[in-house]
Amino acid sequence: MRDVDRSNPAGILRVRLIISAENTSWIIGKMGERLVQELTRAGVAATMGSDPDDSADINHWMSYGMVSRRAGRKSTVCITHIDDPYKTAHLASILGVSVDLGLCMSRDMRRALVQWGIPADRLWYVLPAHDVPAAPTRIRIAIATRLYPDGRKREALLLRLAGELDLAPFHFEIGGGGWDAVVPRLREAGATVAWDPGTADYQADYRALITAMSTCEYYLYLGMDEGSLGTLDALALGLKTIATPQGFHLDAPAGLTEPVETYEQLLEVFSRLAAQRQERLASVRDWTWEQNALDHLLVWNALLEGSVE
């Protein structure tokens with residue numbers, strides 16, 4: 001019901017969530033706890049336990065497998081993981097008998113259940129919620145090269161990128177010396193950077209480089225000097241690459257995920273990756289526990305008023 005008025009419906013005084021003891025320590029238990037918390041914040045007298053409450057306005061069973069009897073003024077049940085005809089038949093046996101309405105977790109499941117013979121007027125859906133992380137992960141990019149005074153690694157392209165694009169969606173793992181002037185610019189552009197300039201022990205440096213690289217999603221190389229051996233390490237680790245189409249890079253089948261040669265190509269790749277990440281974040285941004293509780297309240301209030309369609 002994300003496409004209707006989300007104002008807090010009034011009139012529900014008591015809601016009882018029913019959950020079996022063996023499910024309180026797993027995801028259904030978490031869902032119940034979050035729902036009780038947000039319902040309470042919305043002014044509802046919400047409780048959760050193993051038994052229904054005959055005095056409640058709404059009894060909401062956290063699983064269709066837990067339903068034992070009709071209780072309270074109206075009752076609903078959470079529908080999850082219906083994947084065979086036996087579960088469908090069990091659900092059909094309780095809807096309209098022990099519970100008034102089944103709440104799927106998606107429009108798609110509601111559509112499927114209707115196709116499988118469940119009456120449409122006995123089903124609705126409430127989208128699930130998730131815990132919002134303190135900070136979303138960044139796109140992690142590995143770089144394994146030294147820089148030289150003549151600029152042969154074309155780090156000037158990366159410096160220009162830092163001057164023109166918000167790099168907050170990105171984290172760089174850099175191995176190799178000479179990045180003193182570049183790392184601060186990347187950070188000023190919003191990126192986080194872990195830089196290991198290396199030591200006199202190249203074997204230890206290589207082990208550290210591979211360890212850092214293995215935490216990344218992409219490998220970046222901008223030089224036009226035949227190729228980077230780091231590209232081979234990245235491909236051997238299964239990383240995607242943003243690298244120049246030249247030298248032995250061209251001899252690795254499917255090795256160039258994002259071939260870049262010009263600055264415009266580099267800007268396009270980083271802009272697109274940042275935009276795709278933003279789209280992923282936005283796709284579930286409002287799937288909060290607060291919204292989940294309000295969506296439940298909308299359904300319950302409509303059920304009590306006899307206006308569920």
Under 3.5 Å, side-chain donor or acceptor atoms of residues 274-283 against the rest of the protein: list the pairs with distances, not counting sequence neighbours.
residue	atom	partner	partner atom	Å
Arg277	NE	Thr137	O	3.0
Arg277	NH2	Thr137	O	3.0
Ser283	OG	Arg280	O	2.6

Assess the residue pair Lys153 and Arg146 against the criterion (side chain to side chain contact (heavy atoms under 4.5 Å, CB included)); give the C-alpha distance rounded to whole Å, side-chain angles, the decisive distance to 0.1 Å, and a yes or no. CA-CA 8 Å; Lys153 300 301 180 180; Arg146 290 179 178 179; over 6 Å; no

- Under the side chain to side chain contact (heavy atoms under 4.5 Å, CB included) criterion, do Leu35 and Met31 qualify, and how do the steps go? CA-CA 6 Å; Leu35 187 52; Met31 291 166 60; over 6 Å; no

| task | Go through Ser75 and Asp100 one step at a time and tell me if the side chain to side chain contact (heavy atoms under 4.5 Å, CB included) criterion holds. | result | CA-CA 5 Å; Ser75 58; Asp100 298 288; 3.6 Å; yes

Derivation of the side chain to side chain contact (heavy atoms under 4.5 Å, CB included) call for Trp289 and Val132:
CA-CA 9 Å; Trp289 294 109; Val132 179; over 6 Å; no

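Here ring pair (Phe, Tyr, Trp, His ring centres under 6.0 Å) pairs that include residues 235-275, with residues two or more places apart or in two chains, are Phe170-Phe270, Tyr221-His249. Within the structure, salt bridge (charged side-chain N to carboxylate O under 4.0 Å, His left out) pairs that include any residue of residues 226-247 comprise Glu217-Lys240 (at least two apart or interchain).
With sequence neighbours excluded, no residue forms a salt bridge (charged side-chain N to carboxylate O under 4.0 Å, His left out) with Asp51. For Asp84, the salt bridge (charged side-chain N to carboxylate O under 4.0 Å, His left out) criterion is met by no residue, not counting sequence neighbours. The side chain to side chain contact (heavy atoms under 4.5 Å, CB included) test applied to Ala194 returns His171, Glu173, not counting sequence neighbours. Checked against side chain to side chain contact (heavy atoms under 4.5 Å, CB included), Asp205 has the following partners two or more places apart in sequence or in another chain: Thr199. In this view, Ser271 and Leu165, Leu267 satisfy the side chain to side chain contact (heavy atoms under 4.5 Å, CB included) rule, not counting sequence neighbours. Taking the side chain to side chain contact (heavy atoms under 4.5 Å, CB included) definition, one finds that Gln37 meets it with Arg34, Arg41, sequence neighbours left out.
Residues Arg69 and Asp54 are paired through a salt bridge, judged by an N-O separation under 4.0 Å between the basic side chain and the carboxylate. A salt bridge between Asp57 and Lys74 is absent, with no side-chain N of the basic residue lying under 4.0 Å from a carboxylate O of the acidic one.
Hydrophobic clustering, defined by side-chain heavy atoms of Ile, Leu, Val, Met, Phe, Trp and Tyr closer than 4.5 Å, groups Leu250 together with Leu256. Counting Ile, Leu, Val, Met, Phe, Trp and Tyr side chains that sit under 4.5 Å apart, directly or through other members, Tyr202 stands alone, with no cluster partners. Taking a 4.5 Å side-chain heavy-atom cut-off between Ile, Leu, Val, Met, Phe, Trp and Tyr, the cluster of Met224 contains only that residue.
Summarising the geometry of Ala212 relative to Thr215, their closest heavy-atom pair is O-OG1, 2.7 Å, with the distance given to 0.1 Å. Of all non-hydrogen atoms in Leu186 and Leu167, the two that sit nearest each other are CD2-CD1, 3.9 Å. Closest non-hydrogen pair, Ala144 versus Tyr219, comes out as O-OH, 3.3 Å. Across every non-hydrogen atom of Ile18 and Pro52, the tightest pair is CG1-CA, 3.7 Å. When all heavy atoms of Thr80 and Tyr64 are compared, the closest pair comes out as O-CE2, 3.2 Å. Closest non-hydrogen pair, Arg16 versus Ser50, comes out as NH2-N, 4.1 Å.
Side-chain contact between Tyr125 and Met105: absent, with no pair of heavy atoms (C-beta onward) separated by less than 4.5 Å. A 4.5 Å side-chain heavy-atom check between Val99 and Thr76 finds every atom pair outside the cut-off. Considering only heavy atoms from C-beta on, Leu158 comes within 4.5 Å of Leu220 through its side chain. The shortest side-chain heavy-atom distance between Leu95 and Val77 falls under the 4.5 Å cut-off. Annotation: side chain of Pro197 is not in contact with side chain of Trp179 (no heavy-atom distance under 4.5 Å). Residues Gln203 and Arg207 are in side-chain contact: their nearest non-hydrogen atoms beyond the backbone lie under 4.5 Å apart. Residues Trp124 and Ile79 form no side-chain contact, since every pair of their non-hydrogen atoms from C-beta on lies 4.5 Å or further apart. Counting heavy atoms from C-beta outward, Leu13 and Val44 have side chains that stay 4.5 Å or more apart.
Listed for the Arg187 side chain is no donor-acceptor partner under 3.5 Å among the backbone atoms of Thr192. At least one donor-acceptor pair under 3.5 Å links the side chain of Arg154 to the backbone N or O of Glu261. Checked by atom type and distance alone, the side chain of His90 never pairs as donor or acceptor with a backbone atom of Tyr86 at under 3.5 Å. Proximity of a side-chain donor or acceptor of His60 to a complementary backbone N or O of Gly32 within less than 3.5 Å is not detected. Remark: side-chain polar atoms of Arg138 are paired, donor with acceptor, to backbone N or O of Ala168 under 3.5 angstrom. With hydrogens and angles ignored, the 3.5 Å screen pairs a side-chain donor or acceptor of Arg110 with a backbone N or O of Leu123. Without hydrogens or angle criteria, Arg70 side chain to Val97 main chain gives a donor-acceptor distance under 3.5 Å. The closest donor-acceptor contact from the side chain of Ser228 to the backbone of Gly230 lies under 3.5 Å. Remark: side-chain polar atoms of Gln265 are paired, donor with acceptor, to backbone N or O of Thr262 under 3.5 angstrom.
Side chain to side chain, Glu290 and Thr288 fail the donor-acceptor criterion of an N or O pair below 3.5 Å. When only modelled atom types and interatomic distance are considered, Asp108 and Ser106 share no side-chain donor-acceptor pair under 3.5 Å.
Heavy atoms from other residues, nucleotides or ligands lying under 6.0 Å from NE2 of His81 number 12 at most.
Among Val183, Ile143, Val182, the one residue that satisfies the side chain to side chain contact (heavy atoms under 4.5 Å, CB included) test with Trp195 is Val183. The one candidate from Val299, Asn292, Leu298, Leu294 that meets the side chain to side chain contact (heavy atoms under 4.5 Å, CB included) condition with His296 is Asn292.
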